There are 4 protein chains.
Amino acid sequence: MPQTTAERPRRNEKSRQAILTAALQLAGEVGYTKLSIEAIAARAGVGKQTIYRWWPSKAAVLFDAVLALSTNDAGETTLPDTGDLEADLRTVLHATVRELNDPGYDRSMRSLTVALLEDEGLAAEYRRNLAQRMHEVKKDRLRSAQLAGHVAEDVDLDAAVEMIFGPLMNRWLTRSGPITPEYADTILTTALNGLRPRG
Amino acid sequence: MPQTTAERPRRNEKSRQAILTAALQLAGEVGYTKLSIEAIAARAGVGKQTIYRWWPSKAAVLFDAVLALSTNDAGETTLPDTGDLEADLRTVLHATVRELNDPGYDRSMRSLTVALLEDEGLAAEYRRNLAQRMHEVKKDRLRSAQLAGHVAEDVDLDAAVEMIFGPLMNRWLTRSGPITPEYADTILTTALNGLRPRG
Amino acid sequence: MPQTTAERPRRNEKSRQAILTAALQLAGEVGYTKLSIEAIAARAGVGKQTIYRWWPSKAAVLFDAVLALSTNDAGETTLPDTGDLEADLRTVLHATVRELNDPGYDRSMRSLTVALLEDEGLAAEYRRNLAQRMHEVKKDRLRSAQLAGHVAEDVDLDAAVEMIFGPLMNRWLTRSGPITPEYADTILTTALNGLRPRG
Amino acid sequence: MPQTTAERPRRNEKSRQAILTAALQLAGEVGYTKLSIEAIAARAGVGKQTIYRWWPSKAAVLFDAVLALSTNDAGETTLPDTGDLEADLRTVLHATVRELNDPGYDRSMRSLTVALLEDEGLAAEYRRNLAQRMHEVKKDRLRSAQLAGHVAEDVDLDAAVEMIFGPLMNRWLTRSGPITPEYADTILTTALNGLRPRG
DNA sequence: TTTTAAACGAGACGGTACGTCAAGTCTTAAT
DNA sequence: ATTAAGACTTGACGTACCGTCTCGTTTAAAA
């Protein structure tokens with residue numbers, strides 16, 4: 001049985017990597033709007049056409065660059081489930097806090113955010129490929145807690161996830177205050193307090 | 001934004017207005033990155049130099065344009081206080097929901113958001129001039145409720161405000177779901193549930 | 001003018017021609033100082049950068065444009081030598097008179113003159129490439145006459161050429177009088193009279 | 001009969017002088033095309049409007065500036081007439097050579113030349129006010145020599161003047177060779193040789 | 001193993017917008 | 001009423017990138 005791969009993978013992987021790396025570096029250095037395909041090509045040692053051949057816009061390049069990053073360390077599809085909902089969510093929130101305080105991550109994510117704000121199609125893809133998956137993972141953990149009776153039965157789990165993570169992301173984006181584990185804890189405690197069954 | 005009005009602002013007010021109006025219109029039409037000072041000047045019937053004379057960047061122009069808008073209708077410095085915290089906050093949240101669903105507001109605010117993400121100094125100014133003021137107004141209402149015993153004494157009021165409004169803003173920015181009064185109500189109810197005194 | 005043709009002149013000849021043509025036309029229409037690279041590019045249907053890529057200034061463009069003109073019809077490297085010096089020089093002078101009275105030539109040469117007055121380097125190049133060559137051709141004819149005994153032995157031939165052609169060019173530049181064959185003849189006769197061997 | 005002095009407007013003579021001085025300086029420093037009214041006004045400590053009120057163009061300002069210079073030292077209306085034509089003309093030519101080699105004079109005169117090449121009306125005025133007057137002065141001296149029998153009777157005196165001064169001016173403008181007293185002498189001797197009565 | 005077609009680096013091209021400089025006009029305040 | 005100052009609209013400057021389009025030159029698959 002010969003090659004079924006006959007399709008068209010005649011693509012230079014080294015160039016692809018160089019482009020994504022350069023895009024990420026430059027986004028961190030100069031920000032999204034000053035990021036230029038010309039500069040990416042130059043930094044990557046690549047012809048401009050090689051970028052235009054495989055990506056429709058600088059937003060798409062940056063998107064792939066961040067996606068590549070995230071895909072590496074994000075093989076996990078579930079949250080820990082120790083039975084203690086608050087502890088499990090705290091673990092995740094603290095990890096998020098750490099990321100948001102990492103300058104490299106901060107800058108490239110801000111650039112990506114701009115890209116997504118500017119390109120609705122890309123934003124949809126981002127949701128489909130990353131955001132929604134991560135959302136579902138958290139929702140699953142809440143559902144498990146709901147079944148265990150730690151969360152009220154009538155709670156809208158989508159809203160619940162957003163209540164726990166939304167304030168943190170919002171503070172990060174607007175820099176309206178420091179991103180600390182304590183802040184995350186406060187949000188988490190209060191939110192869970194509101195979600196708990198009454199009676 | 002510069003506004004050294006005191007001395008002698010030999011400045012053409014008509015041009016200033018035309019520039020802000022044009023900036024807002026164009027930001028709504030083409031988005032932030034495709035917004036150009038050249039186009040603003042043309043639409044406003046103004047020389048480019050008149051823009052560069054008074055603003056350092058297109059971000060600053062857009063900032064002032066949005067600021068002018070907000071300053072007009074935002075003379076109010078307090079939230080309604082009927083004694084019913086949930087009802088009062090619902091009023092504000094529903095107004096916010098209405099704004100976020102207005103295409104004109106949506107687009108210019110998204111553009112402004114990009115501007116603020118790209119220009120840290122401007123973001124600081126935005127917080128000082130608008131965000132913080134609005135935050136304080138909401139915090140005041142919560143403080144009043146806390147004094148009335150409707151909110152637990154140990155609650156961090158900054159976090160409380162962010163819990164009520166953060167998820168909504170986040171859903172708007174990331175388009176992770178529809179912005180409806182019902183969604184706002186769900187967040188509000190759950191959040192207040194968590195904030196209420198226990199016992 | 002740059003013309004490193006040897007290696008790899010990945011250069012669009014059609015654009016080059018269009019630029020030179022447009023430059024010449026516009027110089028004739030609006031004069032040198034009102035001539036703009038922007039207008040040349042527009043008239044030639046070319047991006048500005050294409051001009052800046054190959055020429056350092058509008059003076060250089062105009063220079064090349066005139067050079068191209070002159071190179072075409074100026075293949076001749078010698079003056080006629082019928083043995084009658086006065087007749088031979090008269091032929092050349094009358095041709096010059098005709099050119100100077102041609103509005104098209106007049107205007108572009110005046111523009112070029114301004115360009116050369118403003119750019120010393122270009123002026124040097126002009127002398128090297130055109131003026132000196134033409135000067136030598138005339139000097140050669142005078143030398144031949146000197147050998148034939150029609151011009152005094154101690155005459156400085158450079159000065160002689162300038163005496164015959166200088167007054168004409170000067171009258172043209174300063175518009176101090178009409179440029180006629182008769183005027184040229186007067187100068188020529190008197191000059192030759194002064195150059196003839198005495199005895 | 002009241003004041004007949006109603007003639008000229010109340011014009012600030014100090015500003016006028018400052019403008020002409022600044023124009024001359026700047027023309028010498030940066031050349032004609034880079035000379036700007038803005039810079040003249042700044043250097044002269046004068047409002048731009050004051051220049052525009054009294055002159056129609058930078059060419060006119062420069063013209064007046066040079067005119068003022070020339071009028072100062074050019075009160076003389078005749079050439080010396082010692083009876084020795086060659087000696088008298090040599091005096092004048094050597095003075096001209098000295099001027100042309102003075103960098104300040106050289107640069108401002110080159111700038112003025114550009115101005116005159118670009119503005120035909122100004123060129124006419126220049127001829128009327130300066131060039132023609134100087135031409136007549138020289139022509140007068142030649143006429144005197146003609147009457148004394150040192151110049152042939154049938155000589156066209158206009159052409160004669162141009163033969164003596166044209167080559168020098170032309171060499172200056174085109175920088176086709178050094179401007180030396182010896183060169184001037186050669187031209188003068190040869191020209192006078194051609195102008196002398198034959199027989 | 002040779003052929004051959006794509007992907008590649010390089011970079012010129014027609015354009016748009018940048019941010020700056022100066023033009024010439026107009027307004028204000030001081031003399 | 002003239003001036004110094006300087007804001008205004010206009011237009012050109014020279015530069016940076018855009019996205020498209022050749023150029024030769026690898027390079028890896030099919031022949």
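Letters A, B, ... are given to chains in the order of the sequence lines, protein chains preceding strands, and every chain is numbered from 1. For clarity, every value in this text was computed on a predicted model and none was experimentally measured.
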(request) Calculate the interatomic distance between A:Ile19 atom CD1 and E:dA7 atom C1'; express it in whole Å. (result) 12 Å
(message) So for A:Lys48 and E:dG9, does any side-chain atom that can act as donor or acceptor lie under 3.5 Å from a complementary atom in the base?
(response) no
(message) Can you see if the side chain of B:Ser15 gets near the phosphate of F:dT9 - specifically, an N or O under 4.0 Å from OP1 or OP2?
(response) yes
(request) Kindly say if D:Trp55 contacts the phosphate of E:dG24, meaning a side-chain N or O under 4.0 Å from OP1 or OP2. (result) no
(request) For D:Val46 and for A:Ser57, find the nucleotide of DNA chain F with the closest heavy atom, then tell me which residue's nucleotide is more 5'. (result) D:Val46
(message) Does F:dG6 have its OP1 or OP2 closer than 4.0 Å to a side-chain nitrogen or oxygen of B:Trp54?
(response) no
(request) From the options E:dC8, E:dC18, F:dG19, select the nucleotide whose nearest atom is closest to the side chain of B:Ile37. (result) E:dC18
(request) Round to a whole Å and report the spacing from CG of A:Asn12 to P of E:dG9. (result) 6 Å
(message) Quick one, B:Thr113 and B:Tyr32 - any side-chain contact, counting heavy atoms below 4.5 Å?
(response) no
(message) Rounded to whole Å, please give me the gap between CD in C:Glu38 and P in E:dG14.
(response) 15 Å
(request) Take the protein atom CZ of C:Arg43 and the nucleotide atom P of F:dA12, then report the distance between them rounded to whole Å. (result) 13 Å
(message) Tell me the interatomic distance from B:Ile51, atom CD1, to F:dA7, atom P, rounded to whole angstroms.
(response) 16 Å
(request) Calculate the interatomic distance between C:Arg53 atom CZ and E:dA10 atom P; express it in whole Å. (result) 17 Å
(message) Could you check whether any side-chain N or O of D:Ser108 sits under 3.5 Å from a backbone N or O of D:Gly104, counting only pairs where one atom can act as donor and the other as acceptor?
(response) yes
(request) Would you mind reading off the distance between C:Ile40 atom CD1 and F:dA12 atom P, rounded to a whole angstrom? (result) 12 Å
(message) Over all strands shown, is B:Thr50 touching base, sugar-phosphate only, or nothing at heavy-atom distances under 4.0 angstrom?
(response) base
(request) Establish, with yes or no, whether the OP1 or OP2 oxygen of E:dA5 is under 4.0 angstrom from a side-chain nitrogen or oxygen of A:Arg10. (result) no
(request) Mind calculating the distance between CG (C:Leu35) and P (F:dA12) to the nearest angstrom? (result) 11 Å
(request) Tell whether A:Gln49 reaches the base of F:dC21 with its side chain through a donor-acceptor pair below 3.5 angstrom. (result) yes
(message) For the residue pair D:Arg16 and D:Trp54, would you count it as a cation-pi contact if the rule is NZ or CZ under 6.0 angstrom from the ring centre and within 45 degrees of the ring axis?
(response) no
(request) Apply salt bridge (Lys or Arg N to Asp or Glu O under 4.0 Å) to the pair A:Arg110 and B:Glu120, showing each step before the final yes or no. (result) CA-CA 11 Å; A:Arg110 258 174 229 283; B:Glu120 207 160 325; over 6 Å; no
(message) Of the options F:dC18, E:dA7, E:dG14, whose atoms approach the side-chain atoms of A:Tyr52 most closely?
(response) F:dC18
(message) B:Tyr52: which residues meet the side chain to side chain contact (heavy atoms under 4.5 Å, CB included) condition with it, sequence neighbours left out?
(response) B:Ile37, B:Lys48, B:Gln49
